[in-house]
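To start, the structure under review is shown below, and the notes come after it.
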Amino acid sequence: MTNDEKLYPFDRIESKWQKFWRSKGLFKVDTADYKDKYYCLMMFPYPSAALHVGHGRNYIIGDVVARYKMMRGFNVLTPMGFDAFGLPAENAAIKGGIHPEESTLNNIKTMKRQLDQWGVEYDWDRVVISCLPDYYKWTQWIFTKLYEEGLAYKKKAFVNWCPSCKTVLANEQVVDGACERCDSGVLQKDLEQWFFKITDYAGRLLKDLDKLPNWPERVKAMQKNWIGRSEGVEIDFKIDGLPDRLKCYTTRIDTIYGATFIALAPEHPLVEKLISGSKEAAAALKLIEKMRAESKISRADAEVAKEGVFTGRFVINPVNNEKVPIWISNYILMEYGTGAIMAVPAHDQRDFEFAKEYKLPIKVVIDDPKNPIDAGTMKEAHVGEGIMTNSGQFDGMRSEDAIEKIADYFEKNKLGKRSVQYRLRDWLISRQRYWGAPIPIIYCDKCGAIAVPGKELPVLLPKDVEFRPTGESPLKFSDKFVNTKCPKCHGPARRETDTMDTFVDSSWYYLRYITPKLEDRPFDTELVNRWLPVDQYIGGVEHAILHLLYSRFITKFLFDIKMTGFDEPFKNLFTQGMIIKDGAKMSKSKGNVVSPDKLISDYGADTVRLYTLFIGPPEKDAEWSDRGAEGSYRFLGRVWRLVEKVNSSELKVDSKKTTMTKEELSLRRKTHLTIKKVTEDLDGGFHFNTAISSIMELVNETHDLLAGGSVNDSLRQKTLDEAVEAVVMLLSPFVPHIAEELWHILGKPNSIFKMRWPEYDRSAIVEDVVTMVVQVNGRLRSRIEVPADIKEDGLKENVLADPKIKEITGGKTIKNFIIVPKKLVNIVIG
RNA sequence: GCUGGAGUGGUGGAAUGGCAUACACGAUGGUCUCAAAAACCAUUAAGCGCAAGCUUGUGAGGGUUCGACUCCCUCCUCCAGCACCA
């Protein structure tokens with residue numbers, strides 16, 4: 001495209017103003033000045049090769065918010081950083097031979113260039129890069145604090161293992177039980193792993209969601225599901241002929257009389273003891289071994305057939321002293337509850353299926369009086385509520401009431417106790433990978449596992465390590481790294497060789513931006529308390545659970561150890577929708593990636609920004625259309641020509657005209673209505689699409705007035721000037737380059753972003769004459785123009801005098817006459 | 001199954017009790033041009049009608065109301081998250 005073909009010289013002005021803003025330090029913030037602070041934060045990205053227009057939505061939205069808040073007089077902090085540790089860089093290194101650090105830092109350079117091109121401005125002096133020692137030193141420090149508090153611990157756990165890649169995989173990298181990259185079936189390996197005890201915070205993480213009214217409902221719902229609180233009773237069963245007790249957790253204590261067997265997870269610690277001495281012990285053991293070997297992922301699938309084996313033992317049901325057989329089955333998970341359940345086939349579908357398979361008794365204890373249930377013929381479990389039956393003293397009660405009564409009975413007679421269970425598991429944070437922050441633990445034969453003391457941090461990630469995937473931590477093979485001295489006894493000791501999950505890095509970065517260069521602490525508590533919680537957090541909904549839950553956990557932990565004075569990090573959260581192309585999420589493998597580079601060179605960054613914002617409500621997914629983007633480009637060309645035309649009109653002579661014409665009054669009104677609308681759209685939420693369409697309407701009306709006649713008096717010129725100035729101002733957060741240029745073309749000083757956001761004039765939007773809609777029986781029949789302050793009697797008279805209305809209502813009785821002032825009249829006739 | 005969200009022209013969408021389809025994309029016709037692009041003007045929910053206009057219409061069916069895309073009830077469909085969680 002040649003210069004002549006451009007609708008306006010975007011290429012020249014965009015680079016010019018980007019340089020200008022950077023040289024003036026538009027978003028440089030002095031954190032000591034926290035009066036009217038506004039912390040606008042976008043989720044920091046993983047530094048991948050290149051951004052596409054879908055990624056851009058996040059940064060564009062954030063930039064609009066930051067620029068708008070600045071014009072509203074806030075001291076805006078808007079920093080950016082990079083979540084720079086992680087598997088992709090390491091995999092690329094294995095494949096291409098480039099060191100992860102080198103490729104990561106290169107990617108960061110590319111991404112920074114792309115962000116600059118979009119006209120997205122940050123306080124780059126505060127950049128946080130999580131793979132650099134000055135940052136991960138403090139990630140390690142937080143680990144040691146958690147360790148001191150007993151919230152970081154090590155235990156054996158099953159991890160995902162890809163036999164073909166010879167590596168451990170994160171849960172997120174396992175798709176339908178197979179390796180995300182090579183599709184091999186994932187196995188389970190029992191290894192020593194590090195965990196954070198997030199389950200200690202489950203209750204608070206759930207309850208405090210109520211403190212977040214400005215988080216999207218769907219995000220809170222996802223977190224609630226993930227934490228998964230349930231209330232029930234833990235029953236303490238006596239085992240017949242053994243001194244041990246067996247604990248079972250149930251949410252349906254009302255069905256206790258219907259328990260016809262007990263089921264244990266194959267991993268349950270009592271399994272060996274229970275089967276020993278049984279006739280079929282050997283055969284049982286074989287089946288148990290088989291179930292244990294099945295991958296956790298396939299076992300957790302409801303489609304997998306239920307299998308089990310009888311232990312030969314019984315428990316005593318405390319409510320009726322019946323002997324209940326103990327079985328072992330693959331459908332019981334050791335990780336939830338107590339790993340043992342009381343099975344009630346009549347009222348639980350899974351128990352029902354198992355009972356059918358192994359011909360175990362089914363006993364109905366909750367009945368539906370209208371539709372009596374028969375154990376012999378029932379096709380599926382009756383899981384709903386009903387009336388208690390076959391339940392001794394509780395017969396006849398409603399099952400909902402019986403839950404409380406039986407729980408009371410259990411507690412009174414010390415047969416069990418009420419208990420709350422969470423689905424949430426502890427956070428497995430160790431990775432047998434190279435490209436992450438080393439876990440700062442030292443093992444000494446004499447002193448045990450010891451956290452690396454603060455003054456010895458960071459534990460530097462060595463650069464000369466062979467990191468081909470063998471399934472073991474690459475750091476294990478670096479003697480230089482492994483061999484160290486015990487911080488306590490100074491004897492020979494070994495370092496932990498696992499690295500931390502990158503979600504640990506990203507769970508506290510928003511605190512670091514306030515004092516990014518602090519060397520003796522992770523952050524300055526006093527300043528952080530001034531600037532946080534974050535006023536607006538913006539990011540993708542894909543982080544609704546993990547990142548946001550982990551960040552909330554770490555914030556609460558830091559609050560508990562008095563490092564911060566707040567226990568929720570993000571006051572307002574906005575999650576933007578994805579940008580779709582050809583019906584699918586943009587991805588290199590699908591080949592449907594829209595690159596911003598070509599679009600920016602053809603139409604300019606402002607066009608890409610405007611279209612991204614105009615495409616639809618930002619919280620919803622949207623389909624990218626190149627034609628739609630061209631439409632945004634044409635609009636900007638139209639604005640450019642309009643401003644030039646209004647600005648260059650020379651006929652600013654005074655004429656005798658002292659009152660505005662109808663059209664001029666209308667435009668002035670539209671100007672102020674638009675200021676009102678755009679301001680409300682920005683304050684009341686993220687309604688960028690409607691804000692932009694209202695500006696388009698103002699541009700259209702301004703254009704019409706200009707086209708409707710020559711500019712030949714100062715009153716008309718004034719009206720047009722006012723409209724055009726409002727257009728430029730209101731557009732500025734969305735399309736900053738063209739707005740800044742037009743601002744200067746209009747002869748205004750400084751930067752438009754140092755100006756105050758316009759306020760609308762109430763007097764300009766009141767109307768003397770209004771058009772009212774006239775309905776008869778709710779159907780639109782006519783419109784009339786009446787003075788805005790018309791009284792009811794006058795209005796009635798006017799309406800009934802209208803020829804169309806006269807025709808319809810003539811001779812009929814008017815039953816009701818409804819008036820919505822300045823808007824509508826509805827006449828109800830018989 | 002549970003939880004959250006959505007369903008409106010050819011398309012993206014607007015309207016949260018008061019003119020349904022703003023704004024834009026696309027389409028059709030026209031002006032300008034040697035021509036094209038751009039720009040500008042007009043039309044663009046469906047049906048009936050020469051027309052003024054009339055009728056129907058916001059996933060389906062009921063209800064509340066003078067009046068319902070909007071509120072209530074019963075469904076259907078789609079999207080997302082979780083799911084053998086006892």
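Heavy-atom basis, side chains included; hydrogens, waters and symmetry copies ignored. Note that the coordinates shown come from a computational prediction; the quantities given were computed from them, not determined experimentally. All chains are named by letter (A, B, ...) in the order of the sequence lines, taking the proteins before the strands, and each is independently numbered beginning at 1.
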How far, in whole Å, is [M] from [N] if one measures between their [atom1] atoms?
N: B:rA45; M: B:rA24; atom1: P; answer: 15 Å
N: B:rA14; M: B:rU58; atom1: C1'; answer: 12 Å
N: B:rU21; M: B:rG13; atom1: C1'; answer: 9 Å
N: B:rU44; M: B:rA38; atom1: C1'; answer: 23 Å
N: B:rA51; M: B:rU65; atom1: P; answer: 40 Å
N: B:rA36; M: B:rC54; atom1: P; answer: 42 Å
N: B:rA80; M: B:rG29; atom1: P; answer: 40 Å
N: B:rG57; M: B:rA35; atom1: C1'; answer: 45 Å

When every nucleotide of nucleotides 18-29 of chain B is labelled 5' to 3' by its protein contacts under 4.0 Å (heavy atoms), B for base, S for sugar-phosphate only, - for none, what sequence of letters results?
-> BB--BBSSS---
Relative to the 5' end of RNA chain B, which residue comes earlier, A:I827 or A:D681, by the nucleotide with the nearest heavy atom?
-> A:D681
Anti versus syn assignment for B:rG9, with syn defined as within 90° of 0 = syn
Does the side chain of A:E701 pick up a donor-acceptor pair with the side chain of A:S666 at under 3.5 Å?
-> yes
Do we see a donor-acceptor contact under 3.5 Å between the side chains of A:S329 and A:Y358?
-> no
Nearest-Å distance for atom pair [atom1]/[atom2], residues [X] and [N]:
X: A:F352; N: B:rA86; atom1: CZ; atom2: C1'; value: 17 Å
X: A:E619; N: B:rC79; atom1: CD; atom2: P; value: 20 Å
X: A:W624; N: B:rG12; atom1: CH2; atom2: P; value: 17 Å

When you get a sec, tell me which of [options] is the closest nucleotide to the side chain of [X]?
X: A:P617; options: B:rA14, B:rU56, B:rC66; value: B:rA14
X: A:W226; options: B:rA86, B:rC66, B:rC82; value: B:rC82
X: A:A221; options: B:rG4, B:rG81, B:rA39; value: B:rG4
X: A:K620; options: B:rA6, B:rG4, B:rC54; value: B:rA6

Using a cut-off of 4.0 Å on non-hydrogen atoms, how would the nucleic acid contact of [X] be classed: base, sugar-phosphate, or nothing?
X: A:H703; answer: sugar-phosphate
X: A:I695; answer: nothing
X: A:R423; answer: base
X: A:R229; answer: nothing

Salt bridge check, [Y] against [X]: does any charged N sit closer than 4.0 Å to a carboxylate O?
X: A:E357; Y: A:K306; answer: no
X: A:K356; Y: A:E380; answer: no
X: A:D11; Y: A:K6; answer: yes

With a 4.5 Å heavy-atom cut-off, do A:Y8 and A:L636 have their side chains touching?
-> yes
Count the heavy atoms belonging to other residues, nucleotides or ligands that lie under 6.0 Å from CD of A:E231, then report whether that count exceeds 12.
-> no
Aromatic centroids of A:F354 and A:W327 separated by under 6.0 Å | yes
